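Protein chains get the first letters and strands the later ones, always in sequence-line order, with residue 1 at the start of each. Worth saying up front: this structure is predicted, and the values here are computed from it rather than measured.
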2 protein chains.
Amino acid sequence: MHTTFNALAEPNRMRIVELLREGPLAVGEIADRLELRQPQTSKHLKVLANSGLLEAKPEANRRIYGLKREPFEELDEWLSTFRRTMETRLDNLAAYLEKLQDKQPGG
Amino acid sequence: MHTTFNALAEPNRMRIVELLREGPLAVGEIADRLELRQPQTSKHLKVLANSGLLEAKPEANRRIYGLKREPFEELDEWLSTFRRTMETRLDNLAAYLEKLQDKQPGG
DNA sequence: TGAGTATATTCCTGTCAAGGCATATACGGG
DNA sequence: CCCGTATATGCCTTGACAGGAATATACTCA
């Protein structure tokens, strides 16, 4: 899990992921659109692929990288357990509501 | 956003966040439970707080750190746009379904 | 096989961040 | 104010990692 976060923590990798939401692309395309050099692009793609976020599909001369669903589903699950946690934890909820109501003093 | 990921990418910080799901804790408690030294614990807490993930509530001698909701909500939103993206992108969906159905050719 | 294109890998360097340890600061009690 | 406890900060060393440039590898086509 923290591997996923690590991969997405790097700004350029994040940009790559955002770009690939439009659809799979070849390395050169990615480098071109994001104005990155080809080698660093390949390196970032490698990290992202190793983290399971991307998948490469060889196509003739090129390698087409596309997003994978699993890590995002996993992330989603993790988050939903968090949502449940938050709902249960009244401490935080109370503080949250206080702010919403512009808080009346005397508590 | 990538600030959030950056904060969570560090294993010990992730452990802190997981721990705090049970409820807010003082620095010493956190350090104790996770077997971290107090100074590094404070440093990690600082990073987490600066990223907006935590909030410190001074209480006498101590500072009680607790999770904030906003970053998780934000993360959730980000993820949901992703979910939408994934549903739209038929390339990936097709591949996904193929796997699920043990793939019968000619789709 | 050789040329050409697309991508991956290697080496190098600078920067950033984490841990260890010492110490400063904050707060409460007397 | 002085003490004790809880927490934050500073300095140092070290390891990880990103970018740059050169080069190796993979694949296609003739």
Side-chain angles (χ1 to χ4, degrees), chain A residues 1-20 22-68 71 91 95, chain B residues 1-20 22-68 71 91 95:
Chain A
M1 170 97 305
H2 89 270
T3 324
T4 302
F5 286 128
N6 184 55
L8 293 172
E10 214 285 325
N12 281 324
R13 282 198 292 264
M14 180 63 117
R15 291 174 65 211
I16 291 178
V17 169
E18 294 282 6
L19 174 61
L20 291 185
E22 303 173 10
L25 285 179
V27 180
E29 268 290 306
I30 299 173
D32 205 41
R33 294 230 214 158
L34 300 183
E35 295 190 303
L36 299 173
R37 318 247 170 194
Q38 177 266 316
Q40 354 288 2
T41 305
S42 278
K43 289 178 200 168
H44 283 313
L45 290 171
K46 186 178 183 180
V47 174
L48 288 165
N50 286 338
S51 305
L53 283 160
L54 302 188
E55 196 178 29
K57 173 160 62 172
E59 196 160 289
N61 218 358
R62 297 172 297 173
R63 307 194 66 191
I64 313 297
Y65 281 88
L67 294 176
K68 291 199 71 176
D91 312 63
Chain B
M1 170 96 305
H2 90 271
T3 325
T4 302
F5 286 127
N6 184 55
L8 293 172
E10 214 286 323
N12 282 325
R13 281 198 293 263
M14 180 63 118
R15 290 173 66 210
I16 291 179
V17 168
E18 294 281 7
L19 174 60
L20 291 185
E22 303 173 10
L25 285 178
V27 180
E29 268 290 307
I30 300 173
D32 205 41
R33 295 232 213 156
L34 300 184
E35 296 191 302
L36 298 173
R37 319 246 168 194
Q38 177 267 317
Q40 353 290 2
T41 305
S42 278
K43 288 176 198 169
H44 282 312
L45 289 171
K46 187 178 183 180
V47 174
L48 287 166
N50 285 340
S51 306
L53 283 160
L54 302 186
E55 194 177 30
K57 174 159 63 175
E59 194 161 292
N61 219 358
R62 297 172 298 171
R63 308 193 66 193
I64 313 295
Y65 281 89
L67 294 177
K68 292 200 70 177
D91 311 64

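- Judged by distance alone with a 3.5 Å cut-off, a donor-acceptor contact links the side chain of A:Q38 to the base of C:dA8.
- Counting heavy-atom neighbours within 6.0 Å of A:R62 CZ, excluding the residue itself, gives a total of 12 or less.
- Closest approach to the B:Q40 side chain among D:dT28, C:dG20, D:dG20 is made by C:dG20 (side chain taken as heavy atoms from C-beta onward).
- Between the CD atom of B:E10 and the P atom of D:dG15 there is a distance of 16 Å, rounded to whole Å.
- For residues 25-35 of chain A, the set of pairs meeting the side chain to side chain donor-acceptor pair (under 3.5 Å) definition, not counting sequence neighbours, comprises A:E22-A:R33, A:E29-A:R33.
- When the P atom of C:dA26 is taken as reference, atom CD1 of B:I64 falls 18 Å away, rounded to whole Å.
- Counting heavy atoms from C-beta on, the side chains of A:T41 and A:L34 never come closer than 4.5 Å.
- The base of D:dT5 sits within donor-acceptor range of the side chain of B:N61, with an N or O pair under 3.5 Å.
- Evaluation of atom-type donor-acceptor distances gives no pair under 3.5 Å for the side chain of A:K43 against the base of C:dT7.
- When the P atom of C:dA8 is taken as reference, atom CG of A:L54 falls 11 Å away, rounded to whole Å.
- Contact between the side-chain N/O atoms of B:R37 and the OP1/OP2 oxygens of C:dG19 is not found at any separation under 4.0 Å.
- Straight-line distance from the CG atom of A:N50 to the P atom of D:dA18: 12 Å, rounded to whole Å.
- The side chain of B:H44 contributes no N or O atom lying less than 4.0 Å from OP1 or OP2 of C:dA17.
- Rounded to whole angstrom, the span from the CG atom of A:L45 across to the P atom of C:dA6 amounts to 16 Å.
- As judged by a 4.0 angstrom heavy-atom cut-off over every strand, A:P39 is placed among the base-contacting residues.
- Taking every side-chain heavy atom of A:R63 into account, C:dA8 is the closest of D:dA8, C:dG28, C:dA8.
- Taking every heavy atom of both residues into account, B:R13 and B:L48 meet most closely at CD-CG, 3.7 Å.
- With distances taken from any side-chain atom of A:V27 to the nucleotides C:dA8, C:dG19, D:dG20, the minimum falls on C:dA8.
- Within the model, atoms NE2 of A:H2 and CG of A:N6 stand 6.5 Å from one another, a figure rounded to the nearest 0.5 Å.
- Here the nucleotide nearest the side chain of B:R62, chosen from D:dA6, C:dC21, D:dT28, is D:dA6.
- The CD-P distance, from B:E29 to D:dA6, rounds to 11 Å in whole Å.
- With DNA chain D read from its 5' end, the first of the two nearest nucleotides for A:E59 and A:N6 is the one closest to A:N6.
- Between B:Y65 and D:dA8, a side-chain N or O to OP1/OP2 separation shorter than 4.0 Å is present.
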